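Notes follow once the structure below has been shown.
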Amino acid sequence: QVQLVESGGGLVQPGGSLRLSCASSVSFFSINTMGWYRQAPGKQREMVALITSGGMTNYADSVKGRFTISRDNAANTVYLQMNSLSPEDTDVYYCNVEMRILLTNYWGKGTQVTVSS
């Protein structure tokens, strides 16, 4: 069973920054894709940023130019640097991994990000 532990969420003022971390219990080499998703109550979960095993990245249009996803292979950790935060970014953010074998997906429990004056 893959375990994902998210951290780094919290309260920040508009225009501020946060960095989310997701530590996985398995090696990066067992993972096809890692990503961050967010979900507000009553809304569908949406993709925020993805990074593939080859280093290719993909971002939601709403976060392009503000958010950056990256990996640390030695630490088996994926990060999401969030800059120029807006109240519209307030959500629970979830880490996701897609394994190479059977493309099985695993999810973290989520970390709350609140952007408010």
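Remember, predicted model here, so these are calculated numbers, not experimental data.
V78 and M99 end up in the same hydrophobic cluster when Ile, Leu, Val, Met, Phe, Trp and Tyr side chains are linked at under 4.5 Å. Linking Ile, Leu, Val, Met, Phe, Trp and Tyr residues whenever their side-chain heavy atoms come within less than 4.5 Å leaves Y79 and F67 in two separate clusters. Hydrophobic clustering, with ILVMFWY side chains joined whenever heavy atoms are under 4.5 angstrom apart, keeps V48 apart from L50. Under a hydrophobic clustering in which Ile, Leu, Val, Met, Phe, Trp and Tyr are joined whenever their side-chain heavy atoms come within less than 4.5 Å, directly or via other members, V12 and L80 fall into the same cluster. Follow the hydrophobic side-chain contacts under 4.5 Å out from V2 and you reach I31 in the same cluster.
Using a 4.5 Å cut-off on side-chain heavy atoms (C-beta onward), S21 and S7 make contact. P14 has its side chain within reach of P87: a pair of non-hydrogen atoms, C-beta onward, lies under 4.5 Å apart. Contact annotation: the side chain of V113 never approaches that of T90 to less than 4.5 Å [non-hydrogen atoms, C-beta and beyond].
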Subject >> Criterion side-chain hydrogen bond (donor to acceptor under 3.5 Å, both in side chains) on N96 and E98, from CA distance to verdict >> reply: CA-CA 7 Å; N96 171 266; E98 182 184 76; over 6 Å; no
Original post:
Is there a side chain to side chain contact (heavy atoms under 4.5 Å, CB included) between V115 and Q13 once you walk through the steps?
Top reply: CA-CA 5 Å; V115 185; Q13 292 186 336; over 6 Å; no
**OP:** Go through the steps for N76 and S24 under the test side-chain hydrogen bond (donor to acceptor under 3.5 Å, both in side chains), then give the verdict.
**Re:** CA-CA 6 Å; N76 298 319; S24 67; 5.1 Å; no
Original post:
Given the rule in the side chain to side chain contact (heavy atoms under 4.5 Å, CB included) test, do S84 and R66 qualify, once you have shown the distances and angles that lead to the verdict?
Top reply: CA-CA 6 Å; S84 301; R66 299 189 297 121; 3.9 Å; yes
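In this structure a side-chain-to-backbone donor-acceptor pair under 3.5 Å is present from E6 to G110. Using modelled atom types, one side-chain atom of T111 and one backbone atom of G9 make a donor-acceptor pair closer than 3.5 Å. Of the possible donor and acceptor atoms, none in the side chain of D91 sits under 3.5 Å from a partner among the backbone N and O of Y93. Listed for the S25 side chain is a donor-acceptor partner under 3.5 Å among the backbone atoms of Q3.
To the nearest 0.5 Å, the span separating CZ on R100 from OG1 on T33 amounts to 8.5 Å. Of the inter-residue distances, the one linking D72 atom CG with C22 atom SG reads 12.5 Å to the nearest 0.5 angstrom. Separation of atoms CG (N32) and CG (L102) is listed at 12.0 Å; rounding is to 0.5 Å. Considering CE of M56 and CD1 of I51, their distance stands at 10.0 Å, rounded to 0.5 Å. Rounding to the nearest 0.5 Å places OG of S53 at 11.5 Å from CE of M34. Once rounded to the nearest 0.5 Å, the distance linking NZ of K64 with OH of Y59 reads 10.5 Å.
What you find for N58 and M47 is that their closest heavy atoms are ND2-CE, 3.5 Å.
A salt bridge links R38 and D89; the closest N-O separation between the charged side-chain nitrogens and carboxylate oxygens is under 4.0 Å.
Residue pairs that meet the ring-ring contact (aromatic ring centres under 6.0 Å, His included) test with at least one member in residues 23-57, sequence neighbours left out, are Y37-W107.
Dense packing is recorded around CG of L103, with more than 12 heavy atoms of other residues, nucleotides or ligands lying under 6.0 Å away.
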